[in-house]
Amino acid sequence: MELLEGLNEAQIKAVTAPDGPVLVLAGPGSGKTRVLTRRVAYLIQDHGVPPWRIIAVTFTNKAAREMRSRIENMMEKEPGANGTKGLMMGTFHATCATIMRREAAHLPVSREFVIYDTSDQLALMKEIITTELGLDEKRYSADKLLNRISTLKNDLITPETFRPNSYFDEIIHRAYEAYRIRLLTADAVDFDDLLLHTALMFRTNCEVLLRYQNTVDHVLVDEFQDTNAAQYEIVRHLSGLRKNLFCVGDEDQSIYRWRGADYKNVLRLKSDYPELTTILLEQNYRSSQTILEASRAVIDVNQQRTPKKLFTEKEAGPTIILYEAYDERDEAQFVVDTIATLVATHEVEPGGCAVMYRTNAQSRTLEETFIRSGLPYKLVGATRFYARREIKDTIAYLRLVHNIDDRVSLRRVINTPPRGIGDKTVATLDVYADSQGVSAGAALLHLADSPDANLIGGRAGSALTGFAHLLAGWRSVAESTPLGRLLQLILDETGFLESLDDGTDQGQDRIDNVLEMLKLTNEVEDIPLVEFLEEIALVSEVDDLTEATNAPTLLTLHSAKGLEFDVVLLVGLEEGVLPHSRSLDDLEQMEEERRLMYVGMTRARQRLYLLHTFQRTVWGKSDLSLPSRFIDDIPAHLLSTTRGAGMSQSYRHQTTWGKSSRPPRISEDDSTASPAGQQFKSGQRVFHARFGEGIVIESRRSGNDEEVSVVFEEAGLKRLMASFANMELLEG
DNA sequence: CTGATGGGCCTTTTT
DNA sequence: GGCCCATCAG
């Protein structure tokens, strides 16, 4: 059978598994996606399952799109055959949005609902905190409240079922309730609501549930380890009747715990479906022996996992290069030089390389260095196109035209560009709207029809009615006007583009972005506004990463999931960066950081580079860094260590015991005089029971103790607490 | 009401 | 080092 060509025994077993619940536990590079893809094709082609009876959920839109095109390619395109028509395949969020629009009659929103992103949520919550709850924004910040509410939603807890047991929880409860009402009146949902509403609808509405259960024959879930409680419940509901549930995942790659993901869903699955067939995919087809062995050594340290016997038949491959850069600029330079060299020697295509980091902020130095070297690159995430201020403004206009009750969008555009409608005028409008029992947007439209001179007089009043007329005008033509024309009209009548032109380069960038947006709306002009809005809400930039450009990819470790590259460079492998400082005190979080490292390492096919710096600048302040603890777990024989030029110089200077003409590098606030109560100062030679001889490069007070940074001749840089370190001063 | 200015705060990670 | 926000003069 062509479908099964090139598959190993375990993979075939998975693809052709009989009906019933199946769990495929697979290591990295074991062909998970391949199995899932072929399983879908197998069901349609060999089992005659109609595509519209299959729901497959993936983690990103990109994965879904790729999978769909592969399935289409795989299946013979006989004339008359439907191919994949009707096959529901997308992210959890997109799938739920589709279901929600279809079943809007059974939901508290209309089928025209808009989707609020993080910044919309934030704007809404800020308004609630100050105007409605009268809370101190310092103590109860919008993002803290939203985080808690998000966690509750992911666990399917509503304001009704939430049982606060602390004062803080009481505040959360009130905020949650107010937030929910505001969302519903704006006919809006946030990301979590897509899951929550869908799950609750299935839970409470038997008629709808049965309809879906009777339609859906097969449910397939990719990246199952990253599902949260809401997603798990949706999956359970959908596959309830036939139990044809096919889950693929790897608990070692679970990196979304902070988003409510719970790999214990794997255990839950086992107890919820006693008849579950579990299939292990342990052969790795991606990475070299060396890379696999090193990754395994890192992940094996985690306690809470089922050990796997990952293996590969590939060759050992090159050793892993561990590079100690002087600082982040040296690090970036090494990245660029390495890629340039590998490309020049035809070892790899530029597009086969990826640079991965823990936080988005780290991309900056890398970008600068790439630009300075004149080399192109692809950046994933960071400042997403749709998240830019000017683009959000543009979208807000469209959203408001589409849905007049959209409070957040109204607030956003009512005075953008400045047209003389300030907070006070908006407050007056709100009072008026309340008295009429309608939303502020609806009240505004009403004002366009019958101006009420007594409501708001003077300049503010005419500004308001002026805007009301514009808005009413757009709304009256929205239905009959193509999207691009509508947006053009809005831009013309508001003078938005002109307002962006402040003569700076940034201003020009903003204009270009809006023009790009205009181009986009012209290209898609035949789709309804609501679909366009949904598309831009749910499709992040990660997804339309253009394969066309042959350039290295810069991306976070999180967005690297599911991808693979010939050459991978992991940067910033330092304590506080990876593992991240926010995870240092929590075992579970630390294990997640380790999985993140593991995910990064296992993206590499042939060559892996691990980089850390001697000192890193964080928030404009430079500080010494310690190599990540995860590096220590890699067997030494798999590594080959080198150091940057800047690095070795500085070391030479410090390890030649003060003979250099350059002063020892010390932090700005340090002084040669030892402050009272400090035992050590920079430049001193010390002897440590375990690390041997070294030289102090920095010492500073830390609580009642003293934190000493020492470069040892053998062991390199260590940071020690004076009271614990068995260390004595040498004459010198 | 707007735009300029300076202070405080910050950075996980994404749909 | 940069972004967001509060504050203030015009």
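Values reported hereafter were calculated over all heavy atoms of this structure, with side chains retained and with hydrogens, waters and symmetry mates removed. The shown structure was predicted, so the numbers you read here are calculated from the model rather than taken from an experiment. Here is the naming used below: chain letters follow the sequence lines, and residue numbers restart at 1 for every chain.
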- request: Measure the distance from CD on A/E592 to P on B/dT13 and round it to the nearest whole Å.
  value: 13 Å
Contacts of A/Y116 that satisfy ring-ring contact (aromatic ring centres under 6.0 Å, His included) - sequence neighbours left out: none
message: Centroid distance below 5.5 Å plus an interplanar angle below 30 degrees: do A/W619 and B/dT11 meet both conditions?
response: no
- request: Decide, yes or no, whether a salt bridge links A/D193 with A/R180 under the criterion of side-chain N to carboxylate O below 4.0 Å.
  value: no
- prompt: Do the side-chain N or O atoms of A/K126 get closer than 4.0 angstrom to the phosphate oxygens (OP1, OP2) of C/dC4?
  reply: no
field: Test salt bridge (charged side-chain N to carboxylate O under 4.0 Å, His left out) applied to A/E588 and A/R594, A/R257, A/R595, the passing residue
entry: A/R257
Length of the CD-C1' vector between A/Q231 and B/dT15, whole Å: 9 Å
A/R364: partners by salt bridge (Lys or Arg N to Asp or Glu O under 4.0 Å), with sequence neighbours left out: A/E368
message: Can you see if the side chain of A/N360 gets near the phosphate of B/dT13 - specifically, an N or O under 4.0 Å from OP1 or OP2?
response: yes
- prompt: Taking A/E66 for the side chain and A/A63 for the main chain, is one N or O donor matched with an acceptor at less than 3.5 Å?
  reply: no
field: Closest to side chain of A/T359, choosing from B/dT14, B/dT15, B/dT11
entry: B/dT11
Face-to-face contact A/W258 to B/dT13 six-ring, under 5.5 Å, under 30°: yes
- prompt: Can you name the residues that form a salt bridge (Lys or Arg N to Asp or Glu O under 4.0 Å) with A/D155, not counting sequence neighbours?
  reply: none
query: With a 4.0 Å cut-off on heavy atoms, is A/T118 in touch with a base, just the backbone sugar-phosphate, or nothing at all?
result: base
- prompt: Under the side chain to side chain contact (heavy atoms under 4.5 Å, CB included) test, which residues partner A/R203, sequence neighbours left out?
  reply: A/L156, A/L200, A/E233, A/H237
Below 3.5 Å between N/O atoms, which protein atoms pair up with nucleotides 1-4 of chain B? Just atom names and distances, please.
unit_1 : atom_1 : unit_2 : atom_2 : d
B/dC1  : OP1    : A/G422 : N      : 2.3
B/dT2  : OP1    : A/N415 : OD1    : 3.2
B/dT2  : OP1    : A/N415 : ND2    : 3.0
B/dT2  : OP1    : A/G420 : N      : 2.9
B/dT2  : OP2    : A/N415 : ND2    : 2.9

- prompt: Rounding to a whole Å, what distance do you find between A/K621:NZ and C/dG2:P?
  reply: 17 Å
query: Who passes ring-ring contact (aromatic ring centres under 6.0 Å, His included) against A/Y232, sequence neighbours left out?
result: none
Interface with DNA chain B, restricted to residues 191-202 of chain A and to heavy atoms under 4.0 Å: A/F191
- request: Whole angstrom is fine here: how far is it from CG in A/D143 over to C1' in C/dC5?
  value: 14 Å
query: In whole angstrom, what separates A/L122's CG from B/dC10's P?
result: 14 Å
query: For A/M597 and B/dT13, what is the distance between atoms CE and P respectively, to the nearest whole Å?
result: 19 Å
- line: By salt bridge (Lys or Arg N to Asp or Glu O under 4.0 Å), A/E591 pairs with (sequence neighbours left out) none
- request: Tell me what A/F92 touches on the nucleic acid: a base, only sugar-phosphate, or nothing, going by heavy atoms under 4.0 Å.
  value: nothing
- request: Report the distance from atom CZ of A/R364 to atom C1' of C/dC3, rounded to the nearest whole Å.
  value: 11 Å
query: Is the shortest side-chain N/O distance from A/S581 to OP1 or OP2 of B/dT11 below 4.0 Å?
result: no
task: For B/dT11 and C/dA6, measure between their P atoms and round to the nearest Å.
output: 16 Å
- prompt: Separation of A/L379 atom CG from B/dT14 atom C1', in whole Å?
  reply: 15 Å
statement: With sequence neighbours left out, the residues meeting ring-ring contact (aromatic ring centres under 6.0 Å, His included) with A/H197 are none
